[in-house]
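Everything below concerns the one structure shown next.
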There are 2 protein chains.
Amino acid sequence: MCSQVEKIRRFNRTVTRRTGVLRDRFLGRNRPLGESRLLFEIGPDGMEVRALRVKLGLDSGYVSRLLRSLERQKMIKLESAPRDRRLRYVRLTRLGLAEYVEIDRLSDKAAEDILAPLGEQHRARLVAAMAEVERLLMASEITIAPEPAGSSTAQWCLRQYFEVLDERFGGGYDPADASPADPQDLTPPSGIFLVARTLEGPVGCGALKSAGPGIGEIKRLWVAGPARGLGIGQRILGALENQARDFGLNLLRLDTNRTLTEAQALYRKNGYREVPPFNDDPYPHHWFEKHLG
Amino acid sequence: MCSQVEKIRRFNRTVTRRTGVLRDRFLGRNRPLGESRLLFEIGPDGMEVRALRVKLGLDSGYVSRLLRSLERQKMIKLESAPRDRRLRYVRLTRLGLAEYVEIDRLSDKAAEDILAPLGEQHRARLVAAMAEVERLLMASEITIAPEPAGSSTAQWCLRQYFEVLDERFGGGYDPADASPADPQDLTPPSGIFLVARTLEGPVGCGALKSAGPGIGEIKRLWVAGPARGLGIGQRILGALENQARDFGLNLLRLDTNRTLTEAQALYRKNGYREVPPFNDDPYPHHWFEKHLG
DNA sequence: GTTTTTATCTGACTAAAGTCAGATAATGTG
DNA sequence: CACATTATCTGACTTTAGTCAGATAAAAAC
């Protein structure tokens, strides 16, 4: 562990030096860094000023001043949003768009300069390792938190989940045929709905529902495709088990379809044992349970 | 290539966000970032002010002012160096050392916080990928440039090279027994000595020496242990071949010992063909040559 | 022994980055 | 309709980070 920490710190030193260069793409454009960042963030499609402020985490007065300056340089146009005339919508002018394109080009060039001295094989290795670091850093940023099961976020996760099932199961999947898990079943104190999210948005979910005295059922365990293989399912399952303990449950059950092999492996790895069917739903082929310690 | 660039830019975005957190270890210490950086760079052993200035690349007046401020906070002591009373030596006080230790602890903690949410396997993968990225970024920073063959840097490289040979060859290696390559042989226009270096220092070398009209000989090809496997030998060899072309040579020769299998692979990969012995040195077992196009 | 160079220090200055307290106008709430 | 809230804007202010032109003292070069 100590040596791992040491390696992360070494990585950090090297990478900040190198990617500092990438950041400097914003410099040397005859304009303070803050203004360039703003310009680049506005992008070709324009943006509400408020969204810009939130995204960059800046003071409203400060943003206003920066926009004023970019406006004087004829890089942007500000217009009131029609639906709410307090809101301002900012858009790049032709000149501003040209500047955006140029910054984008310099960014590409900075990235190419990193690859240029390397041979083809080493390039591929570097890019692959970078992708791996990025995925795992993303994984380490994920937080798992309760979410009202009726919220739009929860509903979005469930739609994703159902889509996966519909695609995986031989004959498709219709939630109406399966045993229900209504929002009220997934609400404390009898149940809960958890969402795993990065700063970008939700990447997984899982639910716990009561199934009789002292018994809980795990449902709706889903991890977004690009986020698989990062131990997120494992973490959601662990969080659900902790919740179950807090609810005073001592037995957890779940069922699953034979096509969901990763899920089965996950359950077995976490101490779930296969048991005879405890329901007669049309979709599951395997039923598991685990006694909580 | 386009997709590789895109991946580097994605990596950059994620990593700067995440390692920005690491950088912020210096913040929240009730002290501007510049002062904290200086304090941390001074370190437990103290440092000459000049070295500090060079290392951080700061203006001398600015450094002086920062030091004055840290002195007022009783974090550092300044003393004149005995050997040259113009030089100032800066040292942490007990209080400064405590602050250093605290910053160090926070750095460790920031790194641990990245690892904490991950399982053991994913931790290992992240650290390994980080090490790979770091090594390859280092490789991409390497520059290859001519160096006077008599310089202390060149001599240092040669000592490293001889040590490797002494270790690898069954019966040891004594440069006195081998065919010589004196500094004047490795000096333009008849020869050249190239050094590959990172910002940290030299990590490889290679030499070209005249061996008759139109013929050159590659000698002293060395890559430092930790820098192997990054294509550096390949790049040095390529640079030597370009030099040879510039010198108007049309045939390159080299010899090598049977224990240096990576080197042999490198030569074959680059179009060198094994030929009968062209010398009777005691150490080589294989002789190669290549016609320059 | 004079001149030049080097290392540091000081004072004066600037630009960038950001904070804070209102002002203003539009919108939402009871 | 009164009142609170929201989004933006403006002016006044501060801190941080850094540059530049000498001043000074020690050391090196001639």
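First the proteins, then the strands, lettered A, B, ... as listed; each starts at 1. Hydrogens, waters and symmetry mates play no part in the numbers below; they use all other heavy atoms, side chains included. Keep in mind it's a predicted model, so treat the numbers as computed, not measured.
Using a 4.0 Å cut-off between charged side-chain N and carboxylate O, A/R10 and B/E134 make a salt bridge. Between A/E48 and A/R88 there is no salt bridge, since no side-chain nitrogen of the basic residue lies less than 4.0 Å from a carboxylate oxygen of the acidic one.
Put simply, CG on A/D59 is 14 Å from P on D/dT10, counting in whole angstrom units. The CZ-P distance, from B/R72 to C/dT10, rounds to 10 Å in whole Å. Distance B/I76 CD1 to C/dC9 C1': 14 Å, rounded to the nearest Å. Atoms CG (A/L87) and P (C/dT24) sit 21 Å apart, rounded to a whole Å. In this structure, A/Y62 atom OH and D/dT15 atom P are separated by 17 Å, rounded to whole Å. Atom CZ of A/R85 is separated from atom C1' of D/dT6 by 15 Å (rounded to the nearest Å). Computed from coordinates, the A/L66 CG to D/dT10 C1' distance equals 14 Å when rounded to whole Å. Atom-to-atom, CG of B/N30 to C1' of D/dT16 comes out at 15 Å; the value is rounded to the nearest Å.
For the pair A/G34 and A/G61, both in contact range of DNA chain C, the more 5′-proximal nearest nucleotide belongs to A/G34.
Of all heavy-atom pairs spanning B/L78 and B/E71, the tightest one is CD1-OE2, 3.8 Å.
A/E147 contributes no side-chain N or O that, together with a main-chain N or O of A/C205, makes up a donor-acceptor pair within less than 3.5 Å.
Within the 4.0 Å cut-off from OP1 or OP2 of D/dT10, at least one side-chain nitrogen or oxygen of A/R68 is found. Dashed line: the shortest gap from a side-chain N or O of B/R88 to OP1 or OP2 of C/dA7 is not under 4.0 Å. The side chain of A/R65 contributes no N or O atom lying less than 4.0 Å from OP1 or OP2 of D/dC9. OP1 and OP2 of C/dA25 both lie 4.0 Å or more from every side-chain N or O belonging to A/R86.
Remark: B/Y100 pairs with B/F40 by the ring pair (Phe, Tyr, Trp, His ring centres under 6.0 Å) rule, at least two apart or across chains.
Applying a 4.0 Å cut-off to non-hydrogen atoms, none of the residues of residues 41-54 of chain B approaches DNA chain D.
Over its full length, the helix from C/dG1-D/dC30 to C/dG30-D/dC1 turns its helical axis through 20°, comparing axes from the five pairs at each end and rounding to 10°.
Side-chain contact between A/K7 and B/M130 is absent, with no heavy atoms from C-beta onward closer than 4.5 Å. Contact check for A/I142 versus A/R197: no side-chain heavy atoms found under the 4.5 Å cut-off.
In summary, the side chains of A/Q73 and A/E99 do not present any donor paired with an acceptor at a separation below 3.5 Å, with no hydrogens or angles considered.
Summarising the local packing, CZ of A/R68 is surrounded by more than 12 heavy atoms from other residues, nucleotides or ligands at distances under 6.0 Å.
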